[in-house]
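This report refers to the structure that appears directly beneath it.
Order of listing sets the numbers, starting from 1, for every ligand and every atom in it.
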Amino acid sequence: MLLQATAGFSSKNLIGSGSFGSVYKGTLDQEERLVAVKVLNLQKKGASKSFLAECNALKRIRHRKLVKLLTCCSGTNYKGNGFKALCF
Ligand SMILES: Nc1ncnc2c1ncn2[C@@H]1O[C@H](COP(=O)(O)OP(=O)(O)OP(=O)(O)O)[C@@H](O)[C@H]1O
């Protein structure tokens with residue numbers, strides 16, 4: 001779903017990058033909802049920890065000045081490599 005939403009994590013959809021990953025613009029098909037998808041670079045030391053910390057902190061927070069965390073996604077990709085992403 002996220003692969004489709006971001007046109008295969010295309011560089012055209014890349015919004016920015018931080019210490020632990022890249023953020024892509026995406027559109028969720030069904031609702032045509034515009035989202036930001038942060039894909040963690042699991043090669044970076046501390047990326048998994050950062051993912052968990054961000055999930056845990058943001059799932060509980062609702063604030064008009066903070067983007068809403070829609071979902072967290074953790075698993076393996078089609079190559080069998082770890083994949084972690086946050087969807088805002
Ligand atoms: N929800 C979002 N909507 C739009 N752009 C975003 C969103 N989240 C992040 N970005 C863009 O992607 C960039 C990278 O974000 P990311 O959260 O990975 O790192 P950061 O918080 O900027 O830096 P660091 O990881 O070093 O603390 C941001 O600087 C911003 O330009």
Side-chain angles (χ1 to χ4, degrees):
M1 187 172 88
L2 294 181
L3 187 73
Q4 251 182 357
T6 58
F9 302 107
S10 159
S11 55
K12 283 185 194 154
N13 290 40
L14 190 67
I15 302 171
S17 48
S19 312
F20 297 114
S22 305
V23 180
Y24 298 87
K25 179 177 154 182
T27 314
L28 295 181
D29 261 357
Q30 285 174 336
E31 311 152 58
E32 292 206 349
R33 181 178 193 157
L34 201 59
V35 293
V37 183
K38 177 168 167 176
V39 182
L40 278 292
N41 176 355
L42 299 176
Q43 309 295 325
K44 297 240 172 118
K45 200 165 180 266
S48 288
K49 207 173 161 188
S50 164
F51 169 76
L52 268 181
E54 206 164 344
C55 287
N56 284 325
L58 294 180
K59 75 179 179 192
R60 284 187 256 119
I61 294 176
R62 273 195 134 190
H63 191 278
R64 63 195 161 89
K65 291 200 175 169
L66 291 176
V67 283
K68 187 170 175 254
L69 178 67
L70 299 176
T71 190
C72 298
C73 169
S74 178
T76 47
N77 68 9
Y78 65 98
K79 288 180 184 165
N81 298 319
F83 176 86
K84 292 190 193 308
L86 296 145
C87 188
F88 300 95

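- Its side chain within the 4.5 Å cluster rule, Phe88 clusters with Phe20, Leu40, Leu42, Phe51, Leu58, Val67, Leu69, Leu86 among the Ile, Leu, Val, Met, Phe, Trp and Tyr residues.
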Just distance, no hydrogens or angles: give the donor-acceptor pairs under 3.5 Å from side chains in residues 5-17, sequence neighbours left out.
from	atom 1	to	atom 2	distance (Å)
Thr6	OG1	Leu2	O	2.8
Thr6	OG1	Leu3	O	3.4
Thr6	OG1	Phe9	N	2.9
Ser10	OG	Lys12	N	2.9
Asn13	ND2	Thr6	O	3.4
Asn13	ND2	Lys25	O	2.9

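- With sequence neighbours excluded, the residues satisfying side chain to side chain donor-acceptor pair (under 3.5 Å) with Lys59 are Asn56.
- Rounding to the nearest 0.5 Å places NZ of Lys45 at 13.5 Å from OG of Ser50.
- For the atom pair OG (Ser74) and CG (Leu52), the distance works out to 8.0 Å, reported to the nearest 0.5 Å.
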Are any protein N/O atoms closer than 3.5 Å to the N/O atoms of ligand 1? If there are, list each pair with names and the distance to one decimal place.
from	atom 1	to	atom 2	distance (Å)
ligand 1	17 (O)	Lys38	NZ	3.0
ligand 1	25 (O)	Ser19	N	3.0
ligand 1	25 (O)	Ser19	OG	3.3
ligand 1	26 (O)	Ser19	N	3.3
ligand 1	26 (O)	Ser19	OG	2.3

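- Nearest approach of Met1 to Leu28, heavy atoms of both residues: CE-CD2, 4.2 Å.
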